[in-house]
Q: 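Structure provided below as structure tokens; questions to follow.
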Amino acid sequence: MQATHSDNPKKYDLPKGYEFAEVERRWYTRWLADKTFSARMDEGKPAFAIVIPPPNVTGVLHIGHALNNTLQDLLVRYHRMRGDNTLWVPGTDHAGIATQNVVERQLASEKLSRHDLGREKFIERVWAWKEEKGGTIINQLKRMGASCDWDRERFTMDDGLSQAVREVFVRLYKEGLIYKGDYIVNWCPRCHTALADDEVEHDPTDGKLYHIRYPYADGSGQVVVATTRPETMLGDTAVAVHPDDERYQHLAEIGISLPLTGRTIPVVFDHHVQREFGTGALKVTPAHDRDDYEIGLRHDLPRLKVMDDRGVMNEAAGPYAGLDRFACRKRVVADLEAAGLLGKIEDYQHAVGKCYRCATVVEPTTSKQWFVSVRPLADKAVAAVQQGRINLYPNTWYRTFYSWMENIRDWCISRQIWWGHRIPAWTCEGCGQLIVEVDAPDVCPFCGSTRLFQENDVLDTWFSSALWPFSTLGWPEQTRELATFYPTSVLITSFDILFFWVARMMMMGLHCMDEVPFRDVYLHALVRDKHGKKMSKSTGNVIDPLVMIEQYGTDAFRFTLTAFAAQGREIRMDEERIDGYRRFINKLWNAARFAQMHLASADPAITALAADPKRLGLAHRWILSRTNATIGEVRAALDGYNFNEVAQANYRFVWHEVCDWYLEWIKADLSGEDAAARDQAKAVLLTVLEQVLKLMHPVTPFVTEEIWSQLPGARGSIMVESFPETNPAWEDEEAENTMNLLMGVISGVRTIRTEAEVHPSARIEATLICPDPDKRRLLTEFGPGIQAMVRASSLAIVESGQVPDDAGHGLVQEVELVVPLKGLIDVAGELDKLAKERSKLEKELERVVGKLGNEQFMRNAPAAVVAKERDKEAEIRSRLTKTIESTERLSKLR
RNA sequence: GGGCGAAUAGCUCAGCUGGGAGAGCAUCGGCCUUACAAGCCGAGGGUCACAGGUUCGAGCCCUGUUUCGCCCACCA
């Protein structure tokens, strides 16, 4: 009777296909209920801590988060299984500008602005939004299987964290490392706030370069200046030329008559000006250009602001007041044209700074802002990295890190928005003194006035996230968490926030805690589409992690991300790969089903048999040796953050060693009559399966937990099982060599079968000709196994013999494989192949012989390499002989 | 302008300190062989971008070239 899939439904406890959706839901709920993710702080155990890069509270899980959190979870689960005191702190970032924008948009749909509500009501509204919508990404992280200690979830505007922010601010202020001043900053006219330098993105943009004639004040001539922003000329307060430029020396006395305004402005001499560029003359607008600002400082030029916060021209722009800056540009150009002062207009591509939040063209402008003097802090960070107290992975980042830190500029930390940590500084209306304190003062300590007004500005979002590694652990309180888990072990993040965030955490951690915030930094790549393009909504190439999870399951998705995470390599996500790994998860599932058939009634204590492999059969010794090797590989890969190797080692082992060979090999024993053989097989099968599940658990938590729970015996969560360790007793080179021989012979016979198109279920008669007595003994010993694997009705193992003319023939490790095939051979095809084989072997032989005949090689190459070449020569020669014999034999059949 | 990275099978990628080129997918052939057709057994397919160099030996090290990508930068 032919068995079908519906037969014996009771034979399997596990469903035929892996049903990930139900399993994932069930186990995550259970893990949460059992608090399996909760950090422990046991005495005497090493600590392993990761703080999550807090996603924006407005965030929606994208594939970058998915990668980032998969890698973190991988390490956290690994260390938890190793028995470390393991903590993964989750949380979200209040994301000042981003969040304020979201709520403002919401208000706009009600035809309201934040000003209609006023500051207090607006902030209430943001909190309300956060309560309602802010948990989105946290729930999505849970879908990813993230094993964060959720009871310790933090938000950068929590009371505790806000306290930490004020403490640090006040401390830095009192140390003179925070100052307030009127400087040029990047201003976003749409967000109405200053931006830090790295919050400005420079896009190459097609624009125009306008050449404008500036007449000399005495009318004796003119100088041409070029600009991409003609409207800023209204704020020009000088023209600059190079000090050594003979063309303009005489202008020092004369000055320039600024067109459209009639103002007279001086000519200044500054080394910044490039003589070769354009006419060598540069218009100077200190209030609206960063370089011009510097020139202005050097020459004590007035700073004339001609725009307001919205990018609209102000009264200083005279007749242009009230015009938007871009409208003004057109008008200025038209007026210059009319006045005959406009020179050529060139197409010009240049980098235009845009707001990283809303892509509005940033306006450099002077404004009163708060800054951090980063030099002393940066020096500490650089020193810590140089001393190896912080390691960067991949190490290609060191150079970039150092060069960035060398050129770092003071950090503008004030933002003119409402959502964020309000700067803890008050101005006394009585005496005008500035008071900076952690807690709001009631009276002015200088004059006793009670009329104190707090700063309106809030802090840059990155200020609070810079404190994240210690603020989340309770600082400034000296908590047990802080003592146990600071410094944290590793930070895993995307390289694009190395400077926004990572460098600043180093600075703040070293300064405030006097200790690094983390020992290792692993910087992963950006996830791109399979063609290497950035994913973006407009391109339409976005891969949504949640869709992937629904389609392929979380484990398959996680496995894919892990497999792609090779150091120093960009990730080109390909949905087909996810599908491939989904099949792998299913393969594991089915291997477990198979095991379960035989293990369901087994006593888990039988695994004790595997402790002493010397008494076990070959295949068992082999798979234990391979298990041992795989454990070593996986651990090394995890310890070195070589995530792709973790995936690869597991994949290879499970599919190509356990499933392809081991399970097939032991089928006979499992269903055979020999009770001792059966017990061995069960014992090792269970042992290997346990090891596999543990090895894979950090990558694929759900399927491994589900299978684990079904194994015989009472079992707790696999999450708290101990991670596999290499076991020297399992290492067995001899078993590996023998199995390699057997597997080679089996594959060789299968090739003969397939090429002759022997039906897979047909039995063949096979002969192995093996002159080597040791190998012959092994082949004889394991003959029944070989016979089963190649579906032979008979298997003869002989020392020597003739190969019949019509036999299929192969050669593996000096063993001749002979399968009589009675006319099934495709003679012409085989002869073709043999000819190809022959020429290939001859070429190889030539190379090897040449090498061995080379004195230099013989002198310089290590003995092992020489010996290997000798073996190779012998092997090639014997293969060549056999190939020629086969050719002759087959030729007769033609 | 400076810096970094990449180029290996049709596609996506491994290849760790130099010692006989690999995987998955795709392609071709054959199979429902009772864990898995989401599978099994096989096959074909590569001038390791190009040119030099070092070496007994180079996908790997060095130099240069080309192409692509990214980061940083005050040439209006």
Side-chain angles (χ1 to χ4, degrees), chain A residues 2-5 7-8 11-12 14 16-18 202 209 225-229 240 272-274 276-278 281-285 289-295 348 350-351 394 396-397 399-400 403-404 407 495-496 498-499 525-526 528 530-534 563-564 566 568-574 576-577 579-598 636-637 640 642 644-645 648 651-652 656 659-660 663-664 667 747 750-755 757-761 791 844 847-848 851 854-862 864-866 868-869 872:
Chain A
Q2 190 73 17
T4 64
H5 301 318
D7 276 3
N8 297 330
K11 207 165 168 184
Y12 312 104
L14 305 175
K16 184 170 171 175
Y18 173 52
H202 294 271
L209 185 62
V225 298
T227 180
T228 54
R229 297 189 300 150
H272 167 78
V273 182
Q274 313 280 311
E276 303 75 26
F277 189 92
L282 171 66
K283 64 188 275 305
V284 183
T285 324
D289 184 281
R290 186 177 288 275
D291 300 331
D292 294 3
Y293 175 84
E294 302 285 336
I295 295 173
Y348 194 74
H350 59 139
T396 48
W397 286 102
R399 190 193 277 263
T400 313
S403 76
W404 193 82
N407 300 317
F495 69 82
D496 54 343
L498 177 59
F499 306 122
L526 244 48
R528 300 165 183 284
K530 68 178 193 174
H531 306 293
K533 291 221 163 57
K534 263 190 190 175
F564 267 117
R569 186 116 192 180
E570 66 180 28
I571 295 176
R572 299 191 185 192
M573 181 48 62
D574 182 356
E576 283 180 18
R577 282 278 290 269
D579 191 50
Y581 291 125
R582 178 187 57 84
R583 294 212 285 264
F584 173 60
I585 302 298
N586 196 59
K587 184 79 178 173
L588 173 67
W589 178 257
N590 277 294
R593 281 178 74 223
F594 172 75
Q596 196 59 3
M597 267 167 63
H598 300 283
N642 292 308
N644 58 320
E645 293 178 12
Q648 203 190 345
Y651 188 98
R652 190 213 66 241
H656 297 306
C659 291
D660 285 353
L663 294 186
E664 294 303 325
K667 272 179 180 172
S747 294
R750 283 172 173 170
T751 303
I752 295 168
R753 289 185 59 120
T754 305
E755 286 184 348
E757 296 184 5
V758 174
H759 193 277
S761 58
R791 302 195 142 242
E844 274 182 43
R847 217 182 51 210
V848 173
K851 237 179 180 177
N854 182 331
E855 271 179 52
Q856 307 266 30
F857 173 75
M858 299 304 284
R859 219 177 22 241
N860 295 324
V865 174
V866 175
K868 214 170 157 191
E869 290 295 317
K872 204 189 296 177

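Atoms considered below: every heavy atom in the structure, side chains included; atoms not considered: hydrogens, waters and symmetry mates. Not measured: the values here are computed from a predicted model. Naming: A, B, ... by sequence-line order, numbering from 1 per chain.
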Q: Between CG of L282(A) and CG of D289(A), what distance do you get to the nearest 0.5 Å?
A: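 The CG atom of L282(A) sits 8.0 Å away from the CG atom of D289(A).
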
Q: Protein-nucleotides 20-23 of chain B N/O pairs closer than 3.5 Å?
A:
residue	atom	partner	partner atom	Å
G20(B)	N2	E844(A)	OE1	3.1

Q: Classify the ring geometry between Y581(A) and Y651(A) as parallel (under 30°), tilted (30 to 60°) or perpendicular (over 60°).
A: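 Answer is perpendicular, since the angle exceeds 60°.
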
Q: Starting at the 5' end of RNA chain B, which residue's closest nucleotide do you reach first, P862(A) or L663(A)?
A: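 Nearest nucleotide further toward 5': that of P862(A).
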
Q: Can you tell me the pairing partner of C60(B) across any strand shown, Watson-Crick or G-U wobble, with both distances under 3.5 angstrom?
A: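 Paired with no nucleotide.
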
Q: Which part of the nucleic acid, if any, lies within contact of S761(A), taking any heavy atom under 4.0 Å across all strands shown: a base, the sugar-phosphate backbone alone, or nothing?
A: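 Counting heavy atoms under 4.0 Å across all strands, no contact is made by S761(A).
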
Q: Check this one for me: any side-chain N or O of R399(A) less than 4.0 Å away from OP1 or OP2 of C4(B)?
A: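 Answer is yes, contact under 4.0 Å.
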
Q: So which one's nearest nucleotide on RNA chain B is more toward 5', D574(A) or A226(A)?
A: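 Final value for this comparison: D574(A).
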
Q: Please determine if a side-chain N or O atom of R583(A) lies less than 4.0 Å away from the OP1 or OP2 oxygen of C25(B).
A: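 Yes, because at least one side-chain N or O of R583(A) sits under 4.0 Å from OP1 or OP2 of C25(B).
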
Q: Can you tell me, in whole Å, how much space there is between the P of U33(B) and that of C48(B)?
A: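 Approximately 43 Å lies between the P atom of U33(B) and that of C48(B).
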
Q: Of all the nucleotides listed (A76(B), C40(B), C56(B)), which has the minimum atom distance to the side chain of A861(A)?
A: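 Between A76(B), C40(B), C56(B), the one nearest the side chain of A861(A) would be C56(B).
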
Q: Give me the distance, rounded to whole Å, that separates U67(B) from G53(B) when you measure between the C1' atoms they each carry.
A: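 Those two atoms are separated by 23 Å.
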
Q: Compare side-chain N and O positions of S747(A) against OP1 and OP2 of G42(B) and report whether any pair is under 4.0 Å apart.
A: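 Answer is yes, contact under 4.0 Å.
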
Q: Do the side-chain N and O atoms of Q596(A) and R593(A) include a donor-acceptor pair separated by under 3.5 angstrom?
A: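 Checked: Q596(A)/R593(A) side chains show no N/O donor-acceptor pair below 3.5 Å.
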
Q: Keeping the roles fixed (side chain from N642(A), backbone from E645(A)), state whether a donor-acceptor pair exists under 3.5 Å.
A: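 Checked: no pair found.
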
